[in-house]
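Report on the following structure.
Quick note: numbers below take in every heavy atom, side chains included, and nothing from hydrogens, waters or symmetry partners.
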Amino acid sequence: MTVLPVFGLLLCLFFSQARAAVDTDVVVNWILNHSKYDNLTRPFLEEQVPVQIAVQFRLNHLYNVDAVTNTFSIDVFTRLHWTDPRLAFNTTWRKTIRVAPEMVWRPDLVYYNGITAQTFAEVVEIASDGTVFWGRQQLLTMAASLDLHEFPFDQQTVTLVLVSLSYDTVDLNTTLYQGAGVFPDPIAYFKSSVWMMTGTTSTVNHMQLREFDPNPYAFTRVSFNITRQFDTYVVKYMMLLGFLVFLSALSYCIDAGSAPARVACSFILVVALAAFNIYVSKDLPKLSYATFMDQYVLVCFAYALVSVFEYATVNYFITQPQKELVTIGKNMDRFFMFTAPPMWLLVLFLFFIFSTGTVIAMIVVWLVWLAFGFRHVVLALSLRFKDAWETFVTRHMSRGHRSESVPLQDLAAPTGGAAAGAAVAEAVLGGATTGSNTANESDASDELIADVPVAIEEDLDDEDEEAAAALADSEADALSVRSVTYLVEEEPASQEIPQTLSSSPNPNDGDPQLPGAVPDSL
């Protein structure tokens with residue numbers, strides 16, 4: 001009893017489906033055979049009215065936004081709606097029928113910025129009033145223009161552009177289906193571990209595509225606004241760099257006398273920052289501008305280099321024999337120890353809130369503050385640098401010239417006050433010399449000249465040359481003064497002897513007298 005109703009219901013369903021299939025075949029055969037339908041001719045050609053194509057997208061997935069190749073991949077449903085009166089039919093069994101895509105006319109809309117396209121599914125449905133629906137699921141690789149100035153805090157806009165290959169706005173025009181280019185709104189369901197959907201915009205623009213065709217073409221643009229999720233970059237990269245630089249600021253607490261510890265800490269941090277910059281650059285294209293990450297790494301690198309130059313300066317002062325310079329070096333190291341860590345925190349705050357220029361200005365102010373606090377040191381270093389530069393120029397100009405030996409009589413020649421003393425001595429003597437005086441003068445001169453350097457050596461340092469010149473001048477002056485003193489002290493005895501000899505003749509006139517000998521008559 002219960003089997004007959006069930007069997008009757010299944011039989012009715014079978015006959016209804018068979019009749020629907022028969023009606024579909026009848027409609028399709030009638031469209032293709034009896035209405036003289038041409039799938040290569042657009043609708044409304046005889047009426048000279050453009051076909052209105054309503055476009056709508058459904059975003060399935062957006063991934064692989066590649067900054068190196070400036071491309072992105074998207075999985076999307078493309079839905080096109082238009083009306084073709086030639087395909088209208090009248091039946092009470094079906095309101096829509098599905099046909100093979102190649103059986104009807106379809107607009108030749110392509111993706112203007114597309115690189116590759118892979119179609120997974122395709123369907124064409126015809127309504128009884130002649131409305132045609134063409135839907136496709138496609139995996140697209142599209143070209144994009146990415147702006148990476150603010151990487152990794154950047155916001156990008158990726159766009160799909162549809163345009164007809166051969167139909168301008170006289171033959172084909174596009175509109176947004178029900179006023180929405182994307183349905184449903186992808187913000188509600190879009191999920192990605194790298195990007196976050198913030199909005200969509202859809203527009204239709206008319207632009208000239210070919211130079212020889214003055215009529216514009218319809219460009220349908222659907223843009224997806226996405227924002228990069230920067231948590232990974234901040235936690236793994238930027239915070240790690242910040243801690244490394246803060247560690248370099250804490251290296252000022254190490255004793256300045258422990259050179260191996262200070263140098264190793266500073267140079268290891270600098271090398272780590274350089275290696276990090278190379279690692280991050282692999283994920284970015286070769287850009288003509290610096291990204292936010294590049295500027296951050298540069299600021300970290302510069303701040304780490306400050307510790308290297310600071311210790312080089314401090315080590316120069318503390319290794320000097322003067323206690324004043326050692327004190328200056330210790331005070332400078334103490335200044336950096338108390339100001340470097342808070343200054344780095346302030347630099348980070350200004351860098352993230354404002355810009356790189358503000359951070360650079362802050363570092364300059366800090367260094368100016370240091371220079372003002374140690375302005376006397378800066379002045380002394382500048383003078384020392386000036387003297388070193390002048391010394392280098394002098395040695396460079398005099399290099400290759402060998403010094404010549406200086407005659408002994410030139411070194412022994414009296415100058416200045418010594419020459420005046422020699423003139424007085426000559427006037428006192430009156431040109432009268434004796435064998436005794438000549439011998440004594442010769443012996444004294446030999447003793448003095450023996451102490452004078454014979455020649456100036458060739459490759460002396462400037463300080464040694466100045467000392468040698470001063471020594472030569474002082475010895476020459478001393479030679480002249482000592483010679484005059486010797487002559488003046490010996491002259492009275494020389495003058496008394498001739499007077500005594502003239503009053504009483506010497507019996508030994510022909511015999512030479514010994515130097516300084518007293519006659520018998522005295």
Side-chain angles (χ1 to χ4, degrees), residues 67-68 148-154 228 230-319 329-330 332-352 355-367 369-371 381:
V68 178
L148 300 175
H149 279 90
E150 300 298 327
F151 174 83
F153 305 98
D154 53 328
R228 191 188 302 271
F230 52 82
D231 301 347
T232 301
Y233 295 94
V234 171
V235 174
K236 290 186 178 180
Y237 301 136
M238 305 189 78
M239 290 184 63
L240 180 61
L241 278 180
F243 284 131
L244 286 177
V245 178
F246 189 78
L247 183 62
S248 70
L250 293 179
S251 65
Y252 299 118
C253 300
I254 302 176
D255 185 16
S258 302
R262 289 286 290 269
V263 173
C265 181
S266 300
F267 274 95
I268 288 175
L269 292 174
V270 171
V271 173
L273 291 173
F276 175 83
N277 189 25
I278 296 175
Y279 177 77
V280 173
S281 299
K282 294 180 179 179
D283 296 334
L284 295 176
K286 298 184 182 300
L287 302 173
S288 60
Y289 54 85
T291 64
F292 184 87
M293 179 66 78
D294 294 334
Q295 297 175 9
Y296 179 76
V297 174
L298 181 62
V299 170
C300 295
F301 191 78
Y303 207 89
L305 283 180
V306 170
S307 63
V308 178
F309 289 109
E310 183 271 343
Y311 183 69
T313 305
V314 171
N315 185 69
Y316 170 78
F317 282 110
I318 65 176
T319 55
K330 292 182 178 180
M332 184 180 298
D333 196 54
R334 189 177 297 108
F335 171 84
F336 275 93
M337 181 179 65
F338 287 106
T339 59
M343 183 61 65
W344 172 241
L345 298 178
L346 182 60
V347 165
L348 285 181
F349 175 78
L350 295 176
F351 182 80
F352 282 98
S355 61
T356 308
T358 306
V359 173
I360 295 177
M362 192 64 195
I363 295 177
V364 171
V365 170
W366 180 42
L367 296 179
W369 179 24
L370 172 65
L381 290 177

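Taking CG of D231 as the reference point, atom NZ of K236 lies at 11.5 Å (rounded to 0.5 Å). Note: S248 OG to E310 CD = 11.0 Å, rounded to the nearest 0.5 Å. Once rounded to the nearest 0.5 Å, the distance linking CE of M293 with OH of Y233 reads 7.5 Å. Residue Y303 holds its OH atom at 6.5 Å from CE of M343, rounded to the nearest 0.5 Å. A distance of 10.5 Å separates CZ of F338 from CG of D333, quoted to the nearest 0.5 Å. Rounding to the nearest 0.5 Å gives a distance of 11.0 Å between SG of C300 and CG of L269.
Looking at T313, its side chain does come within 3.5 Å of a backbone N or O of F309 through a donor-acceptor pair. The backbone N or O of L247 sits nowhere less than 3.5 Å from a side-chain atom of W344 that would complete a donor-acceptor pair. For Y311 (side chain) and A256 (main-chain N/O), a donor-acceptor pair under 3.5 Å exists by modelled atom type. In this structure a side-chain-to-backbone donor-acceptor pair under 3.5 Å is missing from S266 to V263.
F292 and E150 get closest at one heavy-atom pair: CB-C, 3.8 Å. Nearest heavy atom pair, residue G329 against residue F317, reads CA-CB, 3.6 Å. When every heavy atom of T319 is checked against every heavy atom of N315, the shortest pair comes out as OG1-O, 2.8 Å.
Between H149 and Y289, the two ring planes are parallel [angle under 30°; tilted spans 30° to 60°].
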- Apply side chain to side chain contact (heavy atoms under 4.5 Å, CB included) to L241 and F301, showing your working. CA-CA 9 Å; L241 278 180; F301 191 78; over 6 Å; no
- Task: Just do the side chain to side chain contact (heavy atoms under 4.5 Å, CB included) check on Y252 and R262 with the steps written out, would you?
- Result: CA-CA 8 Å; Y252 299 118; R262 289 286 290 269; 3.8 Å; yes
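Side-chain contact between Y296 and L348 is present, with at least one heavy-atom pair separated by less than 4.5 Å.
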